[in-house]
Amino acid sequence: MPKFSETSSSPLLAESSHQLRLESVSVTTPLGTKYLLEDISFKVSRGDRVAIVGSSGAGKSTLLRSLNRLIEPVRGSIYWENQDYRQMSAIAWRRQVTLVLQESRLLGMSVREALAYPLKLRSIGTSEIGKQVNYGMEILKIPQQWLDRTELQLSMGQRQLVAIARALIIQPKILLLDEPTSALDTGRARQVLDVLMQVNTSQQMTILMANHQLELAEEFSTQVIHLQKGKLLQDALTSSIDWANLRQSSIEAKIQESEEWSE
């Protein structure tokens, strides 16, 4: 069973100019019997596009949930613009660091209501809400006919598009995406990534995206975080990654996973 020490802030990190930084972050299962992430450290600058890659069970979703504070580390710390996450409320943090889950839900709302909801929480006026909702619809080419549809009337891929639009509307400083193109065909997936790159450029929005489609991750990212069984295997610029080797490693990991399941 892992043993943990108390978390502590680092004076060195307080002087960091990076927008986001993780220092020795570890996450375990609820009972603390197994690491889901172990001793993860990396930094991200404003405007970076980070691909988080790794086989199933590598810890990609756990990392994103930790960055959004849906999961709290048992050790280490996360800093946003030099501020320790423990010095901010979860609500204040999530207004700056927003997560789009792979299984996105509309919580019983129509598409129109779901897109407007986070803006209403920010006490934004009705007229401005209408403009922002239209912006989200237009930028992702979401048909107006969807506005009155409910979750049950949308496919998983359509729900993903609505969830991404909702996140872009609120303009977070950092956008976290968990397999945002998993339910989309290749053409639609590339369109979504093109939109995200445009927003990244125009707004300097930092984007961290977990994606098992390595060809899309390669095209999209400027930085790659490679996880394996909860550990950081590689943190490097996209241009320095051996993508052929990474693809082969991914195939081998899938084979090993399949063999472990069959035992």
Side-chain angles (χ1 to χ4, degrees), residues 2-32 34-54 58-102 104 118 121-122 163-164 166-180 199-200 203-210 221-227 230-233 235:
K3 295 181 180 180
F4 310 115
S5 60
E6 294 291 325
T7 55
S8 62
S9 60
S10 166
L12 178 62
L13 291 178
E15 299 173 3
S16 171
S17 61
H18 292 96
Q19 187 181 38
L20 182 70
R21 181 162 181 165
L22 282 73
E23 178 69 11
S24 301
V25 168
S26 294
V27 174
T28 67
T29 54
L31 294 179
K34 179 183 177 182
Y35 282 111
L36 300 176
L37 294 174
E38 184 175 0
D39 199 29
I40 303 295
S41 299
F42 64 85
K43 55 186 178 290
V44 175
S45 296
R46 184 184 179 194
D48 283 349
R49 299 191 303 272
V50 183
I52 303 171
V53 302
K60 302 187 297 297
S61 295
T62 300
L63 175 59
L64 290 176
R65 287 173 176 269
S66 298
L67 292 174
N68 191 238
R69 296 189 62 181
L70 292 177
I71 301 174
E72 295 288 335
V74 295
R75 186 172 66 208
S77 194
I78 303 171
Y79 293 80
W80 176 73
E81 295 189 352
N82 304 333
Q83 188 169 8
D84 190 305
Y85 77 101
R86 290 162 294 197
Q87 297 174 350
M88 299 174 66
S89 70
I91 292 176
W93 180 275
R94 290 176 188 142
R95 288 190 173 185
Q96 306 297 335
V97 185
T98 297
L99 171 64
V100 177
L101 296 168
Q102 182 177 3
S104 299
L121 292 179
R122 289 162 170 76
I164 294 169
R166 180 172 54 191
L168 292 179
I169 283 171
I170 62 177
Q171 300 181 349
K173 301 293 186 182
I174 299 176
L175 178 60
L176 311 173
L177 300 165
D178 192 1
E179 301 286 355
V199 172
N200 164 260
Q203 300 181 19
Q204 280 291 286
M205 183 185 294
T206 304
I207 301 175
L208 287 82
M209 177 181 69
S221 64
T222 58
Q223 177 182 349
V224 174
I225 300 296
H226 185 189
L227 300 177
K231 295 184 178 181
L232 180 61
L233 199 63
D235 169 18

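If you're wondering where the values come from, they're calculated on a predicted model, not measured in any experiment.
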Asker: Against Val97, only a single residue in Ile78, Leu176, Leu208 fulfils side chain to side chain contact (heavy atoms under 4.5 Å, CB included); can you say which?
Answerer: Leu176
Asker: Does Val25 reach the side chain of Phe42, with side-chain heavy atoms less than 4.5 Å apart?
Answerer: no
Asker: Just by distance, no angles: are the side chains of Ser26 and Glu38 close enough, under 3.5 Å, to form a donor-acceptor pair?
Answerer: no
Asker: Could you walk me through whether Asp39 and Ser24 pass the side chain to side chain donor-acceptor pair (under 3.5 Å) test, one step at a time?
Answerer: CA-CA 4 Å; Asp39 199 29; Ser24 301; 3.2 Å; yes
Asker: Decide yes or no on side chain to side chain contact (heavy atoms under 4.5 Å, CB included) for Leu20 and Thr206, but give the supporting numbers first.
Answerer: CA-CA 9 Å; Leu20 182 70; Thr206 304; over 6 Å; no
Asker: Show the nearest heavy-atom pair for residues Gly230 and Ile40, with the distance to one decimal.
Answerer: O-CD1, 3.5 Å
Asker: If you round to the nearest 0.5 Å, how far is CD1 of Ile174 from CZ of Arg94?
Answerer: 14.5 Å
Asker: At what distance, to the nearest 0.5 angstrom, does CD of Gln102 lie from CG of Leu64?
Answerer: 10.5 Å
Asker: Can you tell me how far OG1 of Thr98 sits from CD1 of Ile207, rounded to the nearest 0.5 angstrom?
Answerer: 11.5 Å
Asker: Between Asp235 (side chain only) and His226 (backbone N and O only), is there a donor and an acceptor less than 3.5 Å apart?
Answerer: no
Asker: Check for a donor-acceptor pair, side chain of Thr222 on one end and backbone N or O of Asp48 on the other, with a separation under 3.5 Å.
Answerer: no
Asker: Side-chain contact, heavy-atom cut-off 4.5 Å: Pro172 with Ile170?
Answerer: yes
Asker: Is there side-chain contact between Arg49 and Met209, with at least one heavy-atom pair below 4.5 Å?
Answerer: no
Asker: Are Glu23 and Ser77 close enough, and set up right, to give a side chain to side chain donor-acceptor pair (under 3.5 Å), and what steps lead you there?
Answerer: CA-CA 5 Å; Glu23 178 69 11; Ser77 194; over 6 Å; no
Asker: Donor-acceptor check, side chain of Ser89 to backbone of Ala92, threshold 3.5 angstrom: yes or no?
Answerer: yes
Asker: Hey, are Asp178 and Ser61 close enough side-chain-wise for a donor-acceptor pair under 3.5 Å?
Answerer: yes
Asker: Is a donor on one side and an acceptor on the other found under 3.5 Å between the side chain of Asp84 and the backbone of Arg86?
Answerer: yes
Asker: Is the shortest heavy-atom distance from the side chain of Val224 to the side chain of Val53 under 4.5 Å?
Answerer: yes
Asker: For Tyr85, is there any backbone N or O sitting under 3.5 Å from a side-chain donor or acceptor partner on Arg69?
Answerer: yes
Asker: Is the backbone N or O of Arg65 less than 3.5 Å from a side-chain atom of Asn68, with the two atoms forming a donor-acceptor pair by type?
Answerer: no
Asker: Hey, could you give me the CZ/NZ distance between Arg21 and Lys43, rounded to the nearest 0.5 Å?
Answerer: 5.5 Å
Asker: To the closest 0.5 Å, what do you measure between CD (Glu81) and NZ (Lys173)?
Answerer: 7.0 Å
Asker: What closest approach, in Å, do Pro180 and Ala210 show between heavy atoms, and which atom pair accounts for it?
Answerer: CD-O, 3.6 Å
Asker: State, with a plain yes or no, whether a side-chain heavy atom of Leu168 is found less than 4.5 Å away from one of Leu175.
Answerer: yes
Asker: Contact between Val50 and Ile225 at the side-chain level, heavy atoms closer than 4.5 Å - yes or no?
Answerer: yes
Asker: Run the side chain to side chain contact (heavy atoms under 4.5 Å, CB included) test on His18 and Trp80 for me, step by step, so that the C-alpha distance in whole Å, both residues' side-chain angles and the decisive distance to 0.1 Å come before the verdict.
Answerer: CA-CA 8 Å; His18 292 96; Trp80 176 73; over 6 Å; no
Asker: What distance do Leu232 atom CG and Ile52 atom CD1 have between them, rounded to the nearest 0.5 Å?
Answerer: 10.5 Å
Asker: Spell out, as yes or no, whether a donor-acceptor pair under 3.5 Å connects the side chain of Trp93 to the backbone of Leu67.
Answerer: yes
Asker: Please report the closest heavy-atom contact between Ser66 and Val27, naming both atoms and the distance.
Answerer: OG-CG2, 3.5 Å
